[in-house]
Novice: 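If you scroll down you'll find the structure; I have some questions about it.
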There are 2 protein chains.
Amino acid sequence: MSNVVAKQLVQPLQRGVVAENNPCAACQVRDLSICGAIEPEHLGKLDAIVVHKKLVPGEILFFEGDRSDSLYIITEGCVRLSKMLADGRRQITGFLFPSDFLGLALRERYAYSAEAVDPVLLCRYPKNRLEALLDQFPAMERRLLAVASNELAAAQDQMLLLGRKTALERVASFLMILMRRMQLKGRQDTVSLPMTRTDIGDYLGLTIETVSRSLSKLKRDRIVRFLTAQDMQIVDPKRLAQLAGADDEWKPTTTL
Amino acid sequence: MSNVVAKQLVQPLQRGVVAENNPCAACQVRDLSICGAIEPEHLGKLDAIVVHKKLVPGEILFFEGDRSDSLYIITEGCVRLSKMLADGRRQITGFLFPSDFLGLALRERYAYSAEAVDPVLLCRYPKNRLEALLDQFPAMERRLLAVASNELAAAQDQMLLLGRKTALERVASFLMILMRRMQLKGRQDTVSLPMTRTDIGDYLGLTIETVSRSLSKLKRDRIVRFLTAQDMQIVDPKRLAQLAGADDEWKPTTTL
DNA sequence: CCCGGGCCTTGATCTGCGTCAAAATGCGAC
DNA sequence: GTCGCATTTTGACGCAGATCAAGGCCCGGG
């Protein structure tokens, strides 16, 4: 298991050219991630322990049950986290995007598998060396706790979705989640779905057919419009939010 | 909303008699909870900020959306956490038992409601004062991170359950969860269900009828036996584990 | 002891989504 | 461009679990 990871192409460009120049300082997503908790003058300590890594679509970062010796931060692309039952039924527990944190766990083993959805770039930190840094920078640890707390809230939203929402509500909720993520970096009403329908189904606890039918209904009702099968435009965000069960008035939009 | 909490009966006995005597030191669940991270000689600092609280069955501790100004630790009884949709559909995201932590969130507002299932005793800590303690005791903060990380793993298990398991598998998984909790404090093959069938259904994403039918099937198949409607005996833990989809070989049993 | 009102269980029927099947669409290779 | 495969969409049908509807049981109060 899990040696697909072996061929970890260390990015020659970033490492060679930029690394001596303090790449963390130039990082686009730093402020959004836990690295933002470290003062610029100390970023060198992060650089010292980071290894950059590249994944091709479908490549596996680690398997559920592998020993967890590393933490990661996504800098580009989309990663899916999943758990499986013995007979192959799969549940995707989350999709990760740039600035997202992966491997949070002072636990012995990963509780889920992580695979690249599309081409992914990420920063890898050895667990023990990062923990040493946490001792030096309490602000970083506090930030980690905040991240965990946000993920927990997201997980609870997902439980509500999986336990009690209809197929159409689930798909609408999914689009809302993606939309909100995209808003964080500019794009407004347009959403791209780098993952397959199978992935979406496994995330929402539905089959691909039901996902497809729900998307078709949203299309028929002029709530969304498809440019390609992976790129869509949210035509009527209000109605989409209603369908999603927008109980979100007082919910802060991710207070990192 | 949320003023049911007003009648917070401060426990006269524990406060008056034991408090001057350092009740935290005598606490039965301390080692299991985050308080265990504080050295005995510093427990006084915890005692200084704690308020003991008692809830009657059904009493609401706080509502989803309330400002979160407190953290709690359960010392006795069972608490349910839930989220609701506008039309009343409810999802219970977890049941808490003695030593469990509640209100983890450096977030502004609670993401869920918390209600007593049966008579509950808990310790309440003002958020800002506990945060001050965290600064003094990094071990406590680390412990908090570990708790969060465990809860996250549990949440992901629950997503797998809600998204991909059948009714029978869900009920079996639920009993396994309870059984494991009970084992932590002695009781072996006997499990009590302080919550109603409605609660169980809302936890498992099922209706009460389906929960009842599934339990009846487990009973018919001699996997469990009922003493009363709330007290059962696990006759065949192996088969129960199989039904639950026991992919748990390498899963640690809650590494606090 | 009996009564009343929650719960819980069981049965009959319905339905949203899964399953099976096939057609349409997109897209990279040549 | 067009061929071929993978993915998505659409349609027909079936089933697990929801809904509707009776009872049965337990327990507390009079």
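Throughout, a chain's letter reflects where its sequence line sits, starting with A, and its residues are numbered from 1.
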Novice: Tell me: CG of A:L204 to C1' of C:dC17, nearest whole Å?
Specialist: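 After rounding, the reported distance stands at 14 Å.
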
Novice: Under 4.0 Å from any atom of DNA chain C, heavy atoms only: list the residues of residues 193-201 of chain B that qualify, in numerical order.
Specialist: B:T196, B:R197

Novice: Provide, to the nearest angstrom, the distance between the CD1 atom belonging to B:I208 and the P atom belonging to C:dC7.
Specialist: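 Result: 10 Å.
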
Novice: Just say parallel, tilted or perpendicular for the rings of A:Y110 and A:F62, cut-offs at 30° and 60°.
Specialist: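 Geometry flag for A:F62 against A:Y110: parallel rings.
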
Novice: Is the shortest distance from a Lys or Arg side-chain nitrogen in B:D199 or B:R90 to a carboxylate oxygen in the other one below 4.0 Å?
Specialist: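 Salt bridge between B:D199 and B:R90, a charged N being under 4.0 Å from a carboxylate O: yes.
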
Novice: Heavy-atom nearest nucleotide on DNA chain C for B:R213 versus A:G205: which residue maps closer to 5'?
Specialist: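 Closest to the 5' end, via its nearest nucleotide, is B:R213.
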
Novice: Examine distances only and state if a side-chain atom of B:R197 and a backbone atom of B:E209 form a donor-acceptor pair shorter than 3.5 Å.
Specialist: no

Novice: Give me the residues of residues 214-233 of chain B where at least one heavy atom lies under 4.0 Å from an atom of DNA chain C, by number, or none.
Specialist: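 B:S216, B:Q230 - these, ordered by number, are the residues of the stretch whose heavy atoms sit under 4.0 Å from the strand.
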
Novice: So, are A:K53 and A:E59 salt-bridged, with charged N and O less than 4.0 Å apart?
Specialist: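 Salt bridge: no.
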
Novice: Test of understanding: with side-chain hydrogen bond (donor to acceptor under 3.5 Å, both in side chains), list the residues that count as partners of A:R213, not counting sequence neighbours.
Specialist: none

Novice: What's the CG-P distance between B:D202 and C:dC8, to the nearest Å?
Specialist: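 Distance, rounded to whole Å: 12 Å.
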
Novice: Based on the rotation axes of five pairs at each end, what angle does the helix from C:dC1-D:dG30 to C:dC30-D:dG1 bend through, to 10°?
Specialist: 40°

Novice: Nearest whole angstrom, please: distance from the C1' of C:dG18 to the CZ of A:R89.
Specialist: 13 Å

Novice: Quick one: list whatever passes salt bridge (Lys or Arg N to Asp or Glu O under 4.0 Å) with A:D236, sequence neighbours left out.
Specialist: A:R239

Novice: Please compare A:E209 and A:T166 by the position of their nearest nucleotide in DNA chain C and report the one closer to 5'.
Specialist: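 Of the two residues, A:T166 wins.
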
Novice: Under 4.0 Å from any heavy atom of chain A: name the first and the last nucleotide of DNA chain D that qualifies, 5' to 3'.
Specialist: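 The footprint of chain A covers D:dT8 to D:dA12.
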
Novice: Does B:Q91 reach the main-chain N or O of B:Y203 with its side chain, forming a donor-acceptor pair under 3.5 Å?
Specialist: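 Side chain of B:Q91 to backbone of B:Y203: a pair is present.
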
